[in-house]
There are 2 protein chains.
Amino acid sequence: MDNQRHQVIIADDHPILLKGLHEFLADLGLEVIGAFHNGKDALDAIVDSQPPLAILDLEMPEMTGLEVAADCKKLGLKTRVILLTLHKELKFYQQAKELNISGYILKEFALNDLRKAIDTVLSGQEFFSEKLFEGLKKEDCLSDHSLTPSELKILRLIADGHSTKEIAEQLFISERTVDKHRSNIISKLNLEKKHNSLLIWAQNNKDNLY
Amino acid sequence: MDNQRHQVIIADDHPILLKGLHEFLADLGLEVIGAFHNGKDALDAIVDSQPPLAILDLEMPEMTGLEVAADCKKLGLKTRVILLTLHKELKFYQQAKELNISGYILKEFALNDLRKAIDTVLSGQEFFSEKLFEGLKKEDCLSDHSLTPSELKILRLIADGHSTKEIAEQLFISERTVDKHRSNIISKLNLEKKHNSLLIWAQNNKDNLY
DNA sequence: CTAACAATACGTAGAAATACCTATTTTTCA
DNA sequence: TGAAAAATAGGTATTTCTACGTATTGTTAG
């Protein structure tokens with residue numbers, strides 16, 4: 001490892017985790033030049049000192065790790081971002097891929113995995129764990145069924161608790177059209193032929209409807 | 001503080017958090033005699049060395065922190081348990097109160113709160129944070145509306161995705177009765193007068209229907 | 001270009017959820 | 001014991017969701 005002199009900024013709204021991360025990075029020989037409890041403070045510090053690496057929690061008050069990364073990209077900073085997260089949710093993963101996220105690892109990962117991720121990212125490569133990929137494939141109920149954009153849009157509205165009539169009004173289309181879409185969604189998702197099965201499914205999977 | 005000689009066992013399936021907790025307790029002068037990634041190992045160690053304190057994550061593989069605490073009570077151990085958790089969910093809180101849980105704190109708490117909790121518990125008292133109480137009161141949609149046992153039972157079945165007909169069959173009562181209960185639940189919960197509003201509410205609050 | 005797909009729309013029908021009534025029996029508690 | 005609360009059941013009507021058809025218009029990829 002040639003991490004000896006690398007500077008890093010970290011942020012996590014869970015103090016215990018922040019402390020653990022801080023200690024661990026120090027053990028690795030990295031210099032933690034800033035540790036923050038929210039995204040906004042972290043971004044300010046990153047802009048100020050432009051370190052080669054920032055390790056950020058995904059879910060934080062003020063600004064999420066993703067938002068911080070987005071701003072870094074907008075500002076043209078060279079700071080690489082590794083996201084720490086509890087969830088292997090697809091919507092975040094997709095967004096992470098679109099931004100300049102260099103790594104995405106789960107908090108449940110072993111410290112050794114984290115060390116590997118840091119090494120990889122500092123050497124200029126990306127680190128998106130295999131474990132993460134597997135998990136995503138299993139959880140991704142949508143890609144398998146290849147819903148069309150309209151179907152997805154309607155599915156999101158259903159998940160938000162809107163009725164067919166409301167959806168029709170909102171999208172300026174006929175209720176019958178919405179009906180048809182619902183029908184198609186139900187077959188694609190292979191749902192039970194039972195009343196409200198689509199509504200129930202949508203309510204339970206609303207977080208995956210990125 | 002007179003924590004100088006106290007022994008403690010900790011467990012959390014998030015390695016970074018476990019490390020942070022370990023370091024923090026060491027800073028406080030406590031002696032961490034065991035740090036584990038799952039509940040089972042932690043329980044074994046607690047039974048072996050019967051320390052005065054154990055700080056456990058609520059959600060862990062093998063055994064949850066609650067299960068470990070339940071076993072400790074069953075075995076008559078004097079080890080006091082503080083639960084660490086990410087969620088302020090009522091169902092866990094209720095269970096925690098019924099077991100020999102001495103403290104229940106959120107991972108988002110400041111280190112100072114954690115220190116206070118440890119002091120309080122080691123001195124023989126309980127620590128259930130005020131913040132936690134407030135949060136629970138807000139999230140507890142049920143106690144305010146005083147649903148009857150039957151109404152709760154039906155609400156749970158609705159949350160499980162069952163239709164009125166299915167519920168009637170399952171409970172050996174008329175569909176009309178279920179209708180009436182639904183109606184009453186809707187007024188008690190003050191839901192919108194809109195189709196499926198009860199179903200949507202039930203789906204979104206199923207975790208609070210302990 | 002054309003064949004496939006997507007989005008649009010309509011008709012008919014049935015199952016389900018809800019509203020707003022009334023009414024009886026059972027339980028609970030003061 | 002007597003009153004209140006809860007659980008039970010029914011009637012009638014409306015709205016919504018879903019199924020299963022058909023059919024027209026764009027769009028797009030081979």
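A note on names: the letters A, B, ... follow the listed sequences, proteins ahead of strands, and every chain is numbered from 1.
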- A/Arg182 CZ to D/dT18 P: how many Å, rounded? 4 Å
- Query: What is the distance, rounded to the nearest whole Å, between atom CG of B/Leu199 and atom C1' of D/dT15?
  - Reply: 15 Å
- Message: Using OP1 and OP2 only, check whether a side-chain N or O of A/Thr177 sits under 4.0 Å from C/dA7.
- Response: no
- Message: Rounding to an integer number of Å, can you tell me how far B/Asp179 CG sits from D/dA13 P?
- Response: 16 Å
- Interatomic distance, B/Leu171 CG vs D/dT8 C1' [rounded to whole Å]: 12 Å
- Message: What is the separation between atom NZ on A/Lys180 and atom P on D/dG21, rounded to the nearest whole Å?
- Response: 10 Å
- Message: Run B/Asp119 and B/Arg115 through salt bridge (Lys or Arg N to Asp or Glu O under 4.0 Å) and show every step you take.
- Response: CA-CA 6 Å; B/Asp119 281 350; B/Arg115 187 187 53 73; 3.3 Å; yes
- Is any side-chain N or O of A/Thr148 closer than 4.0 Å to OP1 or OP2 of C/dA7? yes
- NZ of A/Lys40: more than 12 outside heavy atoms within 6.0 angstrom? no
- Round to the nearest Å and state the distance from B/His181 atom NE2 to C/dA16 atom P. 19 Å
- Judged by nearest nucleotide, the residue sitting upstream toward the 5' end of DNA chain D, B/Arg176 or B/Asn196, is B/Arg176
- Query: Rounded to the nearest 0.5 Å, how far does CZ of A/Arg176 lie from NE2 of A/His181?
  - Reply: 14.5 Å
- Message: Please give me the minimum heavy-atom distance between B/Phe24 and B/Leu111, naming the atom from each residue.
- Response: CZ-O, 3.3 Å
- Query: Between A/Ser150 and C/dA7, does any side-chain N or O lie under 4.0 Å from OP1 or OP2?
  - Reply: yes
- Map A/Phe172 and B/Ile158 onto DNA chain C by nearest heavy atom, then report which one ends up closer to the 5' terminus. A/Phe172
- Which atom pair, heavy atoms only, marks the closest approach of B/Asp12 to B/His14? OD1-N, 2.9 Å
- Message: Reading DNA chain D from 5' onward, which residue's closest nucleotide shows up sooner: B/Asn184 or B/His195?
- Response: B/Asn184
- Message: Please determine whether a side-chain nitrogen or oxygen atom of B/Thr164 lies at a distance below 4.0 Å from atom OP1 or OP2 of C/dA17.
- Response: yes
- Query: Over how many whole Å does the gap from B/Leu189 atom CG to C/dA19 atom P extend?
  - Reply: 12 Å
- Query: For B/Ser174 and D/dG10, is the shortest distance between a side-chain N/O and OP1 or OP2 below 4.0 Å?
  - Reply: yes
- Starting at CD1 of B/Ile154 and ending at P of C/dA17, how long is that distance when rounded to a whole Å? 12 Å
- Check whether any side-chain N or O of B/Lys165 sits under 4.0 Å from OP1 or OP2 of C/dA16, and answer yes or no. yes
